[in-house]
Number of protein chains: 2
Amino acid sequence: MQIEPEDLVPAAAATATATVRPGAGAELRVMALQQFAAVGFAGTSLQQIAASAGYSKSSVLYHFASKDALLGEVLTPAIERLEAILGGFTSTSENAASRHRFIEDFVDFLLQYRLEVHVLINQAQSLKGIAVIDRARALIVRLGDALCQEHATTIDRMRFGVALGGAAYSLVAGLTFFDEDITPTDDLRPALITLLSELLAPVAVRTTQPRK
Amino acid sequence: MQIEPEDLVPAAAATATATVRPGAGAELRVMALQQFAAVGFAGTSLQQIAASAGYSKSSVLYHFASKDALLGEVLTPAIERLEAILGGFTSTSENAASRHRFIEDFVDFLLQYRLEVHVLINQAQSLKGIAVIDRARALIVRLGDALCQEHATTIDRMRFGVALGGAAYSLVAGLTFFDEDITPTDDLRPALITLLSELLAPVAVRTTQPRK
DNA sequence: GCAGGAACTGACCGATCGGTCAGGTAAGGT
DNA sequence: ACCTTACCTGACCGATCGGTCAGTTCCTGC
């Protein structure tokens with residue numbers, strides 16, 4: 001890993017050609033993300049990424065130092081967004097309102113970065129050496145701790161895992177099983193909020209209420 | 001690694017047999033399944049599978065016609081078990097008892113074939129051409145139809161997706177995030193049954209539980 | 001002893017992998 | 001005009017991929 005040469009809108013701010021050029025780097029990131037989510041990081045070749053964006057393999061390696069670095073740049077925005085959400089949640093006093101607010105933020109995060117989340121959730125274990133992946137793993141552990149706190153029973157931990165894995169699955173992989181072109185985001189958001197509230201609320205209530 | 005293949009199959013080879021041979025083939029299936037679940041089908045090479053079992057790559061291709069065929073033999077037992085469970089469920093009249101019975105069977109299935117399920121759930125879309133994968137995809141769609149029936153609102157479908165993806169995730173991928181060596185199966189089973197009942201029961205008995 | 005089959009392997013094949021390198025092209029500043 | 005810089009590419013590299021094939025070893029039935 002190293003510092004990337006530079007590709008983020010250098011000429012865009014320079015002159016008025018910004019409208020014509022969306023930027024090769026950004027375009028490659030999008031195509032790479034789609035392929036990583038569809039067939040996995042190991043199953044995606046630089047050749048395929050380049051071809052799907054209309055470039056050559058050498059161009060990909062010009063914009064990104066390596067395949068690993070490309071993965072890092074693809075996933076980093078999602079990780080930073082989630083870190084911000086988690087930071088905002090842990091810095092406030094925990095109650096039903098703050099937890100509901102967190103779930104709403106988290107659902108919006110899932111909807112915006114669904115492909116990134118899918119890659120992180122399903123391939124984190126197989127990409128353990130890569131820096132951005134380790135960072136994401138640590139973040140997910142922190143997320144679990146923040147929601148479950150110290151006295152984590154098996155079912156509490158599993159509520160978190162099911163909510164996380166289930167949301168990631170149903171937003172990407174699950175849709176491919178049935179004919180899609182359905183399920184607009186407007187429909188998905190309230191459904192997800194309801195489901196995650198059901199799954200995660202008991203974990204919260206447990207910390208405030210003595211017993212049931 | 002280690003493993004001397006001969007002490008695993010001493011007597012089995014003695015008697016003539018038309019059935020499936022326990023021995024090298026079974027051992028290779030186990031190692032292949034672990035690798036497929038850990039690093040993905042595309043990320044697993046025949047070389048790695050062979051080495052982890054103490055054989056050569058040629059041996060793998062002697063026992064299995066191809067890498068795809070190996071995947072097929074690895075996943076088929078799980079698919080057939082799930083087909084049997086689903087068949088038993090759809091052939092009975094649907095009520096709360098039969099549905100609870102189905103969830104118990106399904107949880108036991110998940111626990112027994114957790115690696116196979118993980119592979120199917122997370123890699124089905126990227127392996128679409130392979131016969132056993134297409135068979136599993138059709139089965140999962142049938143499973144969703146059986147549980148959701150015709151009046152499938154977005155949240156109902158999502159309950160099924162979250163339950164399926166969440167269970168598969170928390171049984172394999174989720175465990176690797178936290179310190180494992182915990183979560184014995186005895187603990188997992190009732191927790192899973194509780195969670196899946198919560199998620200899937202409302203789909204069945206929409207009229208019973210008007211939440212909040 | 002010997003024939004024959006099952007189990008297993010090394011050598012090898014064409015294709016593709018991630019990655020390097022030299023060079024080409026167009027735009028801009030001077 | 002000249003040089004620099006950003007962008008992009010084809011040719012090439014060693015390694016590894018899935019798969020084929022000829023051959024060796026060992027066991028069993030005759």
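Fair warning: this is a prediction, and the values are worked out from it, not measured in the lab.
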B/S/- along nucleotides 14-21 of chain C (protein heavy atoms under 4.0 Å) is ---SBBB-
I'd like to check the ring-ring contact (aromatic ring centres under 6.0 Å, His included) partners of B:Y62; sequence neighbours left out, ordered by chain and number.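 Scan of B:Y62 (ring-ring contact (aromatic ring centres under 6.0 Å, His included), adjacent residues dropped) gives none.
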Quick one: bend of the helix from C:dG1-D:dC30 to C:dT30-D:dA1 from 5 pairs per end, to 10°? 10°
With sequence neighbours excluded, what pairs up with [X] under the side chain to side chain donor-acceptor pair (under 3.5 Å) test?
X	value
B:D68	none
A:R142	none
B:R81	none

Atom pair distance, as rounded to whole Å: NE2 in A:H63 and P in D:dC7: 6 Å
Rounded to the nearest angstrom, tell me the gap between atom CD in B:E27 and atom C1' in C:dC8.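 Computing the B:E27:CD to C:dC8:C1' distance gives 14 Å.
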Phosphate oxygens OP1/OP2 of [N]: is one of them under 4.0 Å from a side-chain N or O of [X]?
X	N	value
A:S56	D:dT9	yes
A:Y62	D:dC8	no
A:Y55	D:dC8	yes

Side chain to side chain contact (heavy atoms under 4.5 Å, CB included) involving [X] - partner list, sequence neighbours excluded:
X	answer
A:R135	A:T76, A:I79, A:E80, A:E83
B:L61	B:L46
B:L28	B:I49, B:A53, B:Y55, B:V60, B:H63, B:F64

Between A:Y113 and A:F109, how do the two ring planes meet: parallel, tilted or perpendicular, split at 30° and 60°? tilted
